[in-house]
Amino acid sequence: MQQTSMHETHVGSPRNRVDGRLKVTGEARYAAEYTAPDLAVGYVVSGAIARGRIRSVDTKAAMAVPGVIQVFTHQNRPRTAWRAKAYQDEVAPPGTPFRPLYDDKILYSGQPIALVVAEDFEIARYAASLVRVTYETEPHETDLGKLREKAYKPPKTRSGMAPPPPRGDAEAAIGAAPFKVDESYRIAIEHHNPMEMHASTVVWEGDGKITVYDKIQGVQNTQSYITHVFGLSNDDVRVLSPFVGGAFGSGLRPQYQLFLAVMAALELQRSVRVMLERDQMFTFTYRPDALQEMAIGANPDATLQAIRHDAIGCTSRFEDYQESVVSWSAMMYRCDNVTTTYKLAQIDTYTPGDMRAPGAPTGMFALESAMDELSYKLQIDPLQLRLRNYAETEGGGGKPFTSKELRAAYQLGAERFGWSRRNPVPRSMKEGRELIGWGMASGMWEAMMEKTSARATLTIDGRLEVGTATADIGTGTYTILTQIAADALGLPMEKVTARIGDSSLPMSPVEGGSWTAASAGSAVHVACNAVRETLFKYARGMDASPLANADIGRVAFRGGRMELMADPSRYVTIQDTMRAGGVDRIEAEETAAPSRINQLRYAAYTHSAIFAEVRVDEELGRVRVTRIVDAVAAGKILNPKTARSQILGGVVFGIGMALTEESMMDHNLGRFMNHNIAEYHVPVNADIHDIEVIFVEEHEDKINPLGVKGLGEIGIVGTAAAIANAVYHATGKRIRHLPITVDKIIGEKEAA
Amino acid sequence: MADLEFLARQGFAPDAGPPKGLPDEIPITLTINGERRALHVRPWTTLLDLLREDLSLYGTKKGCDHGQCGACTVLLDGERINSCLALAVTKDGSELTTVEGLAGKDGTLHPMQEAFIEHDAFQCGYCTPGQICSAVGLLKEGHAKTREEIREMMSGNLCRCGAYTNIVDAIEDVLAKGAAK
Ligand code: FES
Ligand code: FES
C-alpha cells in the first residue's frame, strides 16, 4: 500500500472539480457541440401510433425543400447487420433490441420512422414536418394494471437480477404474526430527462473511418455497437464523450439517434449530427413502474417474523428488462421467513432501462412504507423498529458484510435531525396553515466493482497522465482520478491530467451502478503504483543514490521527489531519476478486478438513513420538503465536496420521485402525454430547501484497494419513502402510489 | 404548441402544399460578447440556434427549445432571457452576453463563475452556463435578497443533477460580497 499518509493527501480532501473551469466558461463540449466543415444535420421523424405497421411514407415534399440531402426511412435505409444479436450492446437485457428503421413494424409510440438530413438544422426540422405517413394500427396495451394475469417469470435472467431464494416459511409466519401490514404500492413511470438531450455527432474522416461524439456513459459500448451493427472494425470507429450533460442511466445503452447519425454519415460519406428534441426524450428508455404487494408480519416485541414482497414490473414486448426491486426486502432486515417474486408484463413502449439506482427506490418505497405502517401498528418509533431488526449479516442469516455502519448513520442522522423530539402522533404538528410531518427510511445499494484497465504515463517534465475509457456524467470522475493519481506519485493535482471518454483508452465498462470510483479508481491506482515502482527502481540504481538500500514502503513520494521518511533531507527528484535512468517517460497499463474470494465470502453495500420534514397545506394539497438529513455509510469518501454533490443530486431525484415526477400515459393513444419538461415536473430550485449530507466514518478494506463504495445511487434510494412517511405523519394520510400530488393529498382519507 | 409540432412531425400536419423555397436571409447586427457582428439570418432562426449552429458558440445550451428549462439563458442588453424563445431577426442592434463573455479578456473568471466552482454548484455542467447567466442577471435586477427569493427567482433554470442548494450558496456568496456586476 502506498505511504503518503504522513502528509495531507488529495484523496479524502475536499477538492474543486478539475473540469470546473471548462464548465463555468462554456468551454466543456458535449456531443452535439462538435462540428466539421461538411456537417449535415439530421432530424428525427417520430411515429404516431403505438402498435401496427407503416402503410406508406411520402417523403416527396420533404425532399423538395432546398437544402434537404436525404430522407431515410425503412424503405431506403442502407443495409446493416441482419442478426438481431448484433444490436445487443454491453448492457442489453435479454431479448431482441429495437432496430431503428429496420422494417415497417411499429413497436411503440414515438418510434423513429424517418431521418431527414439537410444542410442545416432549421431546414431539416421543417422538412421533417412535411413527411407524410399512413399507418395500419393494431391494438396496443400500455396499462400495466390490466396485465397482472399475463405476468411471467423472465425465462432468461439478466445477470445479477434474480430474486434471492426464499427462506423459512413466509406464508405461515405472516399468517401467525399478531401484527401485520399487507398492502399494495406503486410508483410512476419516470423519464431520466438529463438536461442535455441525446445527441451524436459523427465526423466523416474519409476512407470509411468515423469519429463519433456520442452522449453515452461508455464510449466502448458505443464503439462495439457501431462495429457490430455496421460491420466496421475498431480502427474505423473512434468514439469520444469527454462531457456528458447528465444521463442517470439513459446513456448506458446506445440510443437510436446514434444509429441514425452513423447510418447517415456512412451512407452520405459526410459528417452528420443528430440531436433529439425534448419530446423525443420520452421515446426511449424510462424507469418502469411495478405492481407491488408487500406483507410484513411482526411479534409484539417488534421483531420481524416474515416478509413477502411480490413485484410485477413493466417491460417492452421485445426485451425483458429486469432490475432489483424485491431483493432489498430479503436483505435489509433480520428476518427468518422471507419470500420474494419478481415478474414482468409487456406493454407497448420502448424497453425500460436503468435509471438512478434501478429498482431500489421502487422496492424500498414499498418496504420502507410498510415498515412505517408497521411501526404505527406496533406503536413503536419507526427508527426503533429498524434498530430492533438490524441485520448484522445479509438478511440476518446470510453473508457477513464487508462493512456496515448503518447503525452510526441512524444515530448521527437522527441527532442532526432532532428525531428524538418527534411526537409520534400524526397531525400533531402544525404551523400556520401547514401540517408538519417527520418521516424516515433506510436505504441500501450494492457496492460493486467491475474489471477495468488504466494507463499511467509519467513524463520527464514532471507531468502524469492517466487514462481509462470510462465517463464523467457529472459524478466527478475526472476529479477523483486526478486525486488518486496525484497521491500515488506525490504530485500536485495541477501536474496530473485524467483522460476519459475516449474509446482508444484502456478498457472500461460503462459508467453506472455506482461502480466507477471503485473500478476506474482502482485501475488508475494500480497503474500509478506500477509507474511508482519502476521509478523507484531507477532511483535506487542511481549513482550514490540516497535511496539505494531503501524499501519503497519507507519512502515518501511528494512534491516531485522521493524522500526517506526517516530523513526527508535524503531524496532524489523525479526528473533527476528519469534522467539518470535514461528515460523520458515511464508508462504502465494495469487492470484492476474485484477479489472473487471476497465477493463469495462477503456482501458489500452502501447504506443510508434518511430523515425528512414535510409541510403540507391540506387545503391546497401542496407538500413541501423543507428539510432532509441523509446520513450515508459508503466506505472511503474520496472527495467530500463532489461526494456531497452526488448525494444532493440523488436526494433531489428522490424528492422528484416522491412529489412531482410522473410520465403520464394516455392509454388510448399509448403515448406519454406530458412529454416536455413543463408538464413532466423535475424539481426546480424553489422545490428544494435544506438538505444536509452526513458521511459516516466507515472502514472498508475488502472490496477494492481504495475502500470506496460509490455514491451515485444511494442518495435516491430511501428518499421517496421517507417523504411519504413524513406526509403520513403530517396528515394521517397514507399514500401508497407515487407521486404524492395535490389530488392525492386532497382526495385521500385519513387512515383509521 | 408543443403538441402541434409533435403531431406535425408525425405526418399529421395539415397539408402545407409543396415548399416554395427557403425564406430569405435578413441582415442584422448584433454585438456578441463585445464584438460587433454583421449577420444574415433567416426569420425562423432563434438566437440560440444562431449562437450554436451558425457561430459555433456552444457555451449556450439547448435543453428543450421551448422556454421550459433555462439552459439557453443569455443576457440581452443586460437582462436574462431564454435565447430559444427569441428570433434573431427581432433582436437587431442588441447587445448579447453569453457565458463565453463573462470572464475577463485575461481569463479572470467572473465572481459568479468562481463561486460556482468553489461551491460545486454543478455536476454535469450542462445547465451551468444558463444558471450563471441567469444568476448574473438576477443580481443585476436586485430583487433577490434572501435564499428564499434566490430559489424562487432561479426556478426558471432547471438542474437535473440537483445542484440547487449549492447554486443558491454560490449566488448568496456573490451577493454577500457585493461583487456582482
Ligand atoms: S432551451 Fe431555452 S428554455 Fe430550454
Ligand atoms: S449540472 Fe447537470 S443539469 Fe445542472
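The chains referred to below are lettered A, B, ... by the order of the sequence lines, with proteins before strands, and numbering in each begins at 1. Please read all numbers here as calculations on a predicted model, not as lab measurements.
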Contact origin within [X] toward chain A - heavy atom pairs under 4.5 Å:
| X | value |
| --- | --- |
| B:L102 | neither |
| B:T45 | both |
| B:D120 | both |
| B:I167 | side chain |
| B:E100 | both |

For A:R17 versus A:G474, what's the shortest heavy-atom pair and its separation?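 Of all heavy-atom pairs spanning A:R17 and A:G474, the closest is NH1-O, 3.0 Å.
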
A:L711 and A:A643: which non-hydrogen atoms are nearest, and at how many Å?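 Result for this residue pair: CD1-CB, 3.3 Å.
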
Salt bridge flag under 4.0 Å for residues [X] and [Y]:
| X | Y | value |
| --- | --- | --- |
| B:E141 | B:R80 | yes |
| B:E114 | B:K177 | no |
| B:R147 | B:E172 | yes |

Segment of [X] engaging chain B (4.5 angstrom heavy-atom cut-off):
| X | result |
| --- | --- |
| A:D120 | side chain |
| A:R21 | both |
| A:V41 | side chain |
| A:I473 | backbone |
| A:A28 | backbone |
| A:T642 | both |
| A:A32 | both |

Flag side-chain contact, heavy atom, 4.5 Å: B:L96 against B:N33: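 A side-chain contact under 4.5 Å is absent here.
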
Are any non-hydrogen side-chain atoms of B:L76 and B:K91 less than 4.5 angstrom apart?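 B:L76 reaches B:K91 side chain to side chain.
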
Quick check for you: to the nearest 0.5 Å, what is the distance between B:L85 atom CG and B:S83 atom OG?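 Spacing of CG (B:L85) from OG (B:S83) equals 8.5 Å.
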
Euclidean distance, A:H689 NE2 relative to B:T165 OG1, rounded to 0.5 Å: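 If we round to the nearest 0.5 Å, B:T165:OG1 and A:H689:NE2 are 12.0 Å apart.
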
Between A:Y478 and A:F243, ring centroids under 6.0 Å: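 That pair passes the under 6.0 Å test.
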
With a distance cut-off below 6.0 Å to the six-membered ring centre and an angular limit of 45° from the axis, does B:R52 pair with B:Y58 as a cation-pi contact?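 That pair does not qualify as a cation-pi contact.
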
Is it the case that B:K62 places NZ or CZ above or below the six-membered ring of A:F121, under 6.0 angstrom from the centre and within 45 degrees of the axis?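 Ring-cation test returns yes.
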
Sidechain-backbone polar pair: [X] side chain, [Y] backbone, donor-acceptor under 3.5 Å:
| X | Y | result |
| --- | --- | --- |
| A:Q111 | A:S46 | no |
| B:Q113 | A:V24 | yes |
| B:R42 | B:P23 | yes |

I'd like to verify something: which residue of [options] has the highest number of heavy-atom pairs under 4.5 Å with chain B?
| options | value |
| --- | --- |
| A:E33, A:M195, A:E196 | A:E33 |
| A:K60, A:H192, A:E27 | A:H192 |
| A:R356, A:M275, A:E661 | A:E661 |
| A:P194, A:G26, A:G67, A:G476 | A:G26 |
| A:T25, A:V652, A:L276 | A:T25 |

By number, which residues in residues 148-157 of chain B have some heavy atom less than 4.5 Å away from chain A?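 Within residues 148-157 of chain B, near chain A: B:E148, B:R151, B:E152, B:M154, B:S155.
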
Out of [options], which one racks up the most heavy-atom pairs below 4.5 Å with chain A?
| options | answer |
| --- | --- |
| B:P129, B:C64, B:G67 | B:C64 |
| B:T98, B:T128, B:D49 | B:D49 |
| B:G125, B:G59, B:C159 | B:G125 |
| B:I117, B:V168, B:L109 | B:I117 |

Does the plane of the ring in B:W44 sit parallel, tilted or perpendicular to the ring in A:Y126? Use 30° and 60° as the thresholds.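 It falls in the tilted class, 30° to 60°.
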
